[in-house]
Amino acid sequence: MNDPIARTEAGRLASRWIADFGAALARRDVGGVVSLFDADCYWRDLISFTWNIATFEGLSDIAAMLQATLDSAAPANLKIEGEPDSRDGVIEAWFVFETAVALGRGHLRLKGDKCWTLLTTMTELKGHEERKGERREKGVEHGARHNRKSWLERKNETEAALGISEDPYCVIIGGGQGGIALGARLRRLGVPTIILEKNQRPGDSWRNRYKSLVLHDPVWYDHLPYLPFPEHWPVFTPKDQLGDWLEMYTRIMELNYWGSSECRRARFDPNTGHWVLTVNRDGREVTLRCRQLIFATGAYGPPNETRLPGAETFLGE
């Protein structure tokens, strides 16, 4: 075969499966797609087909998902990426694909010639690609003109205006690693966003915890988007080191991060389609208006206890 990927047995099987999978998707042949899966199978989709984060287990679940999404998703142009691998009887391969509105990347695991697990993820929206590679900003403006502004002057002006004279499109409540990572992604997409955090500095939600705290997950699972930890980074990150990393990250990624800021009230105005937020920013009340309000306040916090009459004397009978 002329295709170098298909020269190995793993490459041959993976390439044939992707080709058959793509052809069945193009025909909108749900039965043909399902026939490529093992009875014990799983499909994990991140946004690309379902506009949701969902896992489908078994042939009937996968068929139902495809019936609901295949026409609108319109997947096409599936291609193997890199060299497929085979371990312990399982073939693994990465692939890329397109939908009607997005570019995607997927991961395939085969047992024999049938799919055991499939992952499909959206990576970019068509027409809203990130400015990277050949699309990156030049960072320089040659020639002289009156009142030309430096990068720092433009950055300071943008930060001073956003939330005061110009409305953000998104407001993220919570400036821990989740809010910061999402803010970085939105920044790269050119979406004006403000991150609100009640602590003073990025990373304080880690610095303020108990002395011996380290991340429970090893470093390989903890990278933030765009900037992986350097090679010398410890396997389990101490809390203060992570706090410093988060603070540095917000600066390098040029995030609009409002520390010492707490959202006191939020209401949706159906007439304008905006959220209206009352924010205490370092002791000063500020009103923010945005199209999208995102909560990134974490999974843990003070318990919200339901008060029931007589609960204080209830003995469990």
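All values derive from a computational prediction rather than experimental measurement.
At a cut-off of 3.5 Å, with distance as the only test, no side-chain donor of W43 or T55 sits close to an acceptor on the other residue. Y257 and E159 are not linked by any side-chain donor-acceptor pair at a separation below 3.5 angstrom, with hydrogens and angles left out of the test. Under 3.5 Å, the side chains of S205 and N208 contain no donor-acceptor pair of N or O atoms. For the residue pair W206 and Q177, a side-chain donor N or O sits within less than 3.5 Å of a side-chain acceptor on the partner. Between T117 and R109, the side chains place a donor N or O and an acceptor N or O closer than 3.5 Å (distance only, hydrogens not considered).
Note that CG of D167 is 8.0 Å distant from CG of L288, once rounded to the nearest 0.5 Å. Between R135 atom CZ and E130 atom CD the span is 8.5 Å, to the nearest 0.5 Å. The structure places CE of M248 at 6.0 Å from CG of L227, a figure rounded to the nearest 0.5 Å. In this structure, the separation between CD1 on I91 and OG on S86 is 5.0 Å, given to the nearest 0.5 Å. Distance check, rounded to the nearest 0.5 Å: SG of C290 to OH of Y169 gives 10.0 Å. For the atom pair CG (L213) and CG (D240), the distance works out to 9.0 Å, reported to the nearest 0.5 Å.
Aromatic rings from W116 and Y42 are positioned such that their centres are separated by 6.0 Å or more.
A heavy-atom distance below 4.5 Å is found between the side chains of L108 and C115. In this structure, Q241 and P234 have side chains that are in contact, with non-hydrogen atoms separated by less than 4.5 Å. Annotation: side chain of H142 is in contact with side chain of V140 (closest heavy-atom distance under 4.5 Å). Between L186 and L182, the closest side-chain pair of non-hydrogen atoms falls below 4.5 Å. Residues R87 and E92 form no side-chain contact, since every pair of their non-hydrogen atoms from C-beta on lies 4.5 Å or further apart. Taking the side chain as every heavy atom from C-beta outward, P75 and L70 approach each other to under 4.5 Å. In this structure the side chain of K132 reaches within 4.5 angstrom of the side chain of R188, judged on heavy atoms. In this structure the side chain of T50 reaches within 4.5 angstrom of the side chain of M65, judged on heavy atoms.
No cation-pi contact links R267 to W275, judged by a cut-off of 6.0 Å to the six-membered ring centre and 45° from its axis.
Looking at D45, its side chain does come within 3.5 Å of a backbone N or O of F49 through a donor-acceptor pair. Using modelled atom types, one side-chain atom of R207 and one backbone atom of P202 make a donor-acceptor pair closer than 3.5 Å. Looking only at distances, no side-chain donor or acceptor of N199 sits under 3.5 Å from a matching main-chain atom of R201. A donor-acceptor pair under 3.5 Å is absent between the side-chain atoms of T121 and the main chain of G106, judged by distance alone.
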**Message:** Would V171 and I294 count as a side-chain contact (heavy atoms from CB on, under 4.5 Å) here? Give the steps.
**Reply:** CA-CA 6 Å; V171 171; I294 301 167; over 6 Å; no
**Request:** Please assess R16 against D113 for the test side-chain contact (heavy atoms from CB on, under 4.5 Å), listing each intermediate value before the final yes or no.
**Result:** CA-CA 9 Å; R16 186 174 67 185; D113 60 353; 4.2 Å; yes
**Prompt:** Given the rule in the side-chain contact (heavy atoms from CB on, under 4.5 Å) test, do R187 and M253 qualify, once you have shown the distances and angles that lead to the verdict?
**Reply:** CA-CA 8 Å; R187 173 72 178 180; M253 298 305 297; 5.7 Å; no
**Request:** Take K198 and D204, measure what salt bridge (charged side-chain N to carboxylate O under 4.0 Å, His left out) needs, and give me the verdict at the end.
**Result:** CA-CA 9 Å; K198 65 181 179 180; D204 277 353; over 6 Å; no
**Message:** With salt bridge (charged side-chain N to carboxylate O under 4.0 Å, His left out) as the criterion, how do E153 and R148 come out once you've worked through the C-alpha distance, each side chain's angles and the decisive distance to 0.1 Å?
**Reply:** CA-CA 10 Å; E153 289 171 326; R148 189 175 75 177; over 6 Å; no
**Item:** Residue pair E262, R281: steps toward the salt bridge (charged side-chain N to carboxylate O under 4.0 Å, His left out) verdict
**Value:** CA-CA 7 Å; E262 190 171 1; R281 187 183 187 190; over 6 Å; no
**Message:** What verdict does the salt bridge (charged side-chain N to carboxylate O under 4.0 Å, His left out) test give for R12 and E9, after you've listed the backbone C-alpha separation in whole Å, the side-chain angles of each residue and the deciding distance to 0.1 Å?
**Reply:** CA-CA 5 Å; R12 184 182 66 80; E9 180 66 10; 2.6 Å; yes
**Request:** Under the side-chain contact (heavy atoms from CB on, under 4.5 Å) rule, what do L293 and F295 come out as? Steps first, then yes or no, please.
**Result:** CA-CA 7 Å; L293 179 61; F295 289 87; 4.0 Å; yes
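What you find for A73 and T99 is that their closest heavy atoms are O-CB, 3.1 Å. When all heavy atoms of I180 and G175 are compared, the pair lying nearest together is CD1-O, 3.4 Å. Contact between A24 and V33 at its shortest, heavy atoms only, is CB-CG2, 3.6 Å. Across all non-hydrogen atoms, the minimal contact from A63 to V34 is CB-CG2, 3.8 Å.
Ring planes of F229 and W245: tilted class, angle from 30 to 60°. Between F95 and F97, the ring-plane angle classifies as tilted under the 30° and 60° cut-offs.
Using a 4.0 Å cut-off between charged side-chain N and carboxylate O, E57 and R44 make no salt bridge. Salt-bridge annotation for E98 and K126: present, with a side-chain N of the basic residue lying under 4.0 Å from a carboxylate O of the acidic one.
Residue L46 is tested with N52, L119, T120 for a side chain to side chain contact (heavy atoms under 4.5 Å, CB included); the sole match is L119.
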